[in-house]
Amino acid sequence: MEFETKSLVIKKFIPEYISIMYETWGTDREVGKYMPGFRVDWDIEGFTDYILRTYKDEYHTRAVIQEKKSNKIIGNISIYQEDSRSKSVNIWLIKDYWNKGYGTEVMKGIMKYLKATPLESLYATCDGRNLGAVRMMEKCEFELIDVIKDYREDIDGNIGDEMLYELEMRKLK
């Protein structure tokens, strides 16, 4: 998966990006707060294992997000093939790039990129306490289809609700 948006370049993930990812957000408590399996105490080997667990999976597509202005890698995308008709997406951004519209810009770029495929639905989940992710889903017109109460544990051990969103791709065509 490779494409550009107004401010960003979405580039195919290669393992050489792992060290950059580790240095910029790999142990950042705020970035990883709501990410399942995230730890702030891992070393580069543990972080590499965390990233590569999905990279080598044939059902996952991974990409990095590069800001055009600075050429800096500012985030990561993971898309998982749920079944023949649907995918789920996750986006992570370095906290210096939060609240600038980049998450929404990335998601809209993914939607446009996938519009040309036979995909029927795009799913995304987030912790209900992750207000930035919730706002992004709303701006991208995802529909909240389910709330699983007390399902998500953050890195501090606090429990929150998992929000399940769906975007019917036929609505985009």
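All figures in this text were calculated on a predicted structure; none of them were measured in a lab. FYI, side chains are in, hydrogens and waters are out, and symmetry mates aren't considered; it's all heavy atoms of this structure.
- Just one residue in the list Arg85, Glu168, Glu166, Lys87 forms a side chain to side chain donor-acceptor pair (under 3.5 Å) with Ser121, and that residue is Glu166.
- Remark: the backbone N or O of Asp150 is paired with a side-chain donor or acceptor of Asp161 at under 3.5 angstrom.
- Within 6.0 Å of the NZ atom in Lys68, the count of heavy atoms belonging to other residues, nucleotides or ligands exceeds 12.
- Nearest approach of Leu93 to Trp98, heavy atoms of both residues: O-NE1, 2.9 Å.
- Transitive grouping of hydrophobic side chains (ILVMFWY, heavy atoms separated by less than 4.5 Å) brings Val89 and Ile65 into a common cluster.
- In terms of heavy atoms, Arg152 sits closest to Asp127 at CB-OD2, 3.3 Å.
- Although no hydrogens or angles enter the test, the distance criterion places a donor-acceptor pair under 3.5 Å between the side chain of Thr24 and the main chain of Ile20.
- For the atom pair NZ (Lys33) and CG (Asp28), the distance works out to 11.5 Å, reported to the nearest 0.5 Å.
- To the nearest 0.5 Å, atoms SG (Cys126) and OH (Tyr165) are separated by 4.5 Å.
- Salt-bridge check for Glu30 with Lys95: passed, with a basic side-chain N closer than 4.0 Å to an acidic carboxylate O.
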| Audit row: Val134, Asn130, side-chain contact (heavy atoms from CB on, under 4.5 Å) steps and yes/no | CA-CA 6 Å; Val134 170; Asn130 186 344; 5.6 Å; no
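- Phe142 and Ala124 get closest at one heavy-atom pair: CE2-CB, 4.3 Å.
- Nearest approach of Tyr123 to Ser86, heavy atoms of both residues: CE1-CB, 3.5 Å.
- With values rounded to the nearest 0.5 angstrom, Tyr102 atom OH is found 9.5 Å from Lys6 atom NZ.
- Going from atom CD1 of Ile159 over to atom CG of Asp154 covers 7.5 Å, rounded to the nearest 0.5 Å.
- The cluster map of Ile, Leu, Val, Met, Phe, Trp and Tyr, joined by side-chain heavy atoms under 4.5 Å apart, puts Leu144 and Leu131 in different clusters.
- In this structure a side-chain-to-backbone donor-acceptor pair under 3.5 Å is missing from Arg62 to Ile79.
- The side-chain heavy atoms of Val64 and Ile77, taken from C-beta on, include no pair separated by under 4.5 Å.
- Annotation: side chain of Met107 is in contact with side chain of Met111 (closest heavy-atom distance under 4.5 Å).
- Screening Arg39, Arg129, Arg29 for a salt bridge (Lys or Arg N to Asp or Glu O under 4.0 Å) involving Asp156 leaves a single residue, Arg29.
- A donor-acceptor pair shorter than 3.5 Å can be found between the side chains of Ser70 and Glu67.
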| Verdict with reasoning, Leu8 to Gln66, per side-chain contact (heavy atoms from CB on, under 4.5 Å) | CA-CA 6 Å; Leu8 307 167; Gln66 181 180 36; over 6 Å; no
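- Residue Tyr59 qualifies as open at atom OH: its count of foreign heavy atoms under 6.0 Å is 12 or below.
- The two residues Glu82 and Ser88 come nearest to each other via the heavy atoms OE2-OG, 2.8 Å.
- Both Phe38 and Ile51 are assigned to one and the same hydrophobic cluster, defined by single-linkage of ILVMFWY side chains at heavy-atom distances under 4.5 Å.
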| task | Take Met21 and Asn76 through the side-chain contact (heavy atoms from CB on, under 4.5 Å) test and state the conclusion after the steps. | result | CA-CA 8 Å; Met21 294 161 67; Asn76 182 42; 3.6 Å; yes
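- Nearest heavy atom pair, residue Asn90 against residue Thr125, reads OD1-O, 4.3 Å.
- Note that OG of Ser84 is 9.5 Å distant from CG of Leu119, once rounded to the nearest 0.5 Å.
- Taking the six-membered ring where tryptophan is involved, the planes of Phe13 and Tyr17 are tilted, since the angle between them lies from 30° to 60°.
- In the hydrophobic clustering of ILVMFWY residues, with side-chain heavy atoms under 4.5 Å counting as a link, Ile18 and Val40 come out together.
- In terms of hydrophobic clustering, with Ile, Leu, Val, Met, Phe, Trp and Tyr side chains grouped at heavy-atom distances under 4.5 Å, Leu164 and Leu167 are assigned to different clusters.
- Between Met169 and Leu122 the shortest side-chain heavy-atom distance falls below 4.5 Å.
- Within the structure, the side-chain hydrogen bond (donor to acceptor under 3.5 Å, both in side chains) test picks out the following pairs touching residues 132-141 (sequence neighbours left out): Asn99-Arg135.
- Ring pair Tyr50/Trp42 is tilted by interplanar angle, where 30° to 60° counts as tilted.
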| request: For the pair Ile110 and Ile91, evaluate side-chain contact (heavy atoms from CB on, under 4.5 Å) and give the outcome as yes or no after the intermediate values. | output: CA-CA 10 Å; Ile110 291 168; Ile91 299 170; 4.2 Å; yes
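- Ring geometry for His60 against Tyr80 counts as tilted: the plane angle lies between 30° and 60°, on a 0 to 90° scale.
- Interatomic distance, CD1 of Ile10 versus CD of Glu105, reported as 8.0 Å (0.5 Å rounding).
- No close placement of the Trp92 and Tyr97 rings is indicated, their centers lying 6.0 Å or farther apart.
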